[in-house]
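Letters A, B, ... are given to chains in the order of the sequence lines, protein chains preceding strands, and every chain is numbered from 1.
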Amino acid sequence: MPNPKRRHSTRRTALRRSHDFLTATGLSECPVCHEKKLPHRACPKCGEYKGRQVLEVKEAAK
Amino acid sequence: MRHRNAGFKLGRNTSHRRALLRNLVTSIIVEDRVETTVAKAKAVRPHVEKMITLGKKGDLHSRRQALSFLMTDTAVTRLFETVAPRYGDRQGGYLRIVRTGFQKGDGAEKAFIELLGAEKQLDEKRQKRAEVKAKKREELEKQLEEAKKEQGGEEAA
């Protein structure tokens, strides 16, 4: 079985991992309830999209 | 290159896909709004538009073509009598897809697809549903209270 010839330095590992990161989700604000929501989607909190109530939302959540 | 790869396969073979799309188109025409995944919504859109085009033509041949695609006769009559006349001055773009969230289980993105110009009917429908729900809840609460009273009475006796 092939095996690594040399041990990797911590620097090499760190350099490789310098590109391993997560990016934050781009969120937009609901114009009605000012909750953060995903853009181009109906607001899960208040059920509005483009000035119209489009979803049924539980009253407790409102 | 994704040349000549237009369309959606939806992980189904031809007959399964055709049946699914026919069912979805029929439901959209009957109900004005259907909730599915984004991919399915995008896949049915052109089929619904073709049906509405047939409905706008309104002659016997197009009615027969619609009958051969849609699953029920009621859908065809609704298409020709109530749905198609809404779009007299519109050339396509009869549907709206709004993304609503993610499905539990497989995380697929959900959306609803609805016919333009059906907002009034849909809002009325939703109101009716809410009323029915409220009524049901009231009845349930009443039953619960009665049950509680009965239990309390038994304990007292």
Side-chain angles (χ1 to χ4, degrees), chain A, chain B residues 27-28 31-45 48 86 90 93-141 144:
Chain A
M1 285 285 282
N3 272 321
K5 190 167 188 177
R6 291 227 182 278
R7 168 184 177 274
H8 267 183
S9 64
T10 48
R11 181 183 189 208
R12 190 156 276 286
T13 309
L15 279 172
R16 184 180 67 245
R17 288 184 183 164
S18 70
H19 296 285
D20 301 353
F21 51 80
L22 301 172
T23 48
T25 350
L27 292 176
S28 66
E29 193 179 293
C30 172
V32 182
C33 65
H34 304 290
E35 195 83 11
K36 291 275 181 206
K37 70 171 189 69
L38 284 170
H40 311 294
R41 278 156 188 81
C43 175
K45 190 100 183 188
C46 64
E48 283 248 350
Y49 190 64
K50 297 213 165 154
R52 196 165 79 85
Q53 189 79 19
V54 289
L55 287 176
E56 281 172 56
V57 179
K58 279 185 190 161
E59 278 169 44
K62 248 183 190 180
Chain B
S27 299
I28 289 168
E31 303 287 339
D32 288 326
R33 176 196 267 198
V34 163
E35 195 176 1
T36 60
T37 62
V38 174
K40 281 177 203 157
K42 285 186 173 180
V44 281
R45 185 178 222 163
V48 181
R86 286 183 200 148
R90 191 184 276 273
Y94 309 121
L95 293 140
R96 174 186 299 125
I97 297 174
V98 177
R99 291 156 195 254
T100 54
F102 297 90
Q103 187 162 281
K104 241 184 188 179
D106 64 351
E109 190 167 20
K110 301 282 280 187
F112 62 74
I113 178 164
E114 68 182 10
L115 293 163
L116 295 187
E119 288 85 0
K120 225 180 160 186
Q121 282 93 312
L122 285 170
D123 287 348
E124 276 170 20
K125 238 190 201 175
R126 182 167 48 215
Q127 225 168 7
K128 254 186 208 167
R129 230 176 321 175
E131 277 167 24
V132 170
K133 243 187 194 171
K135 236 185 206 175
K136 253 190 190 169
R137 188 189 272 174
E138 246 176 58
E139 274 175 31
L140 253 172
E141 274 174 14
L144 260 174

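- Within 6.0 Å of atom NZ in B/K42, 12 or fewer heavy atoms from other residues, nucleotides or ligands are found, so the atom counts as exposed in its surroundings.
- Within the 4.5 angstrom heavy-atom criterion, atoms from both the backbone and the side chain of B/E119 approach chain A.
- The environment of CZ in A/R16 is crowded: more than 12 heavy-atom neighbours from other residues, nucleotides or ligands sit within 6.0 Å.
- Within residues 18-38 of chain A, the residues having any heavy atom closer than 4.5 Å to a heavy atom of chain B are A/L38, listed by residue number.
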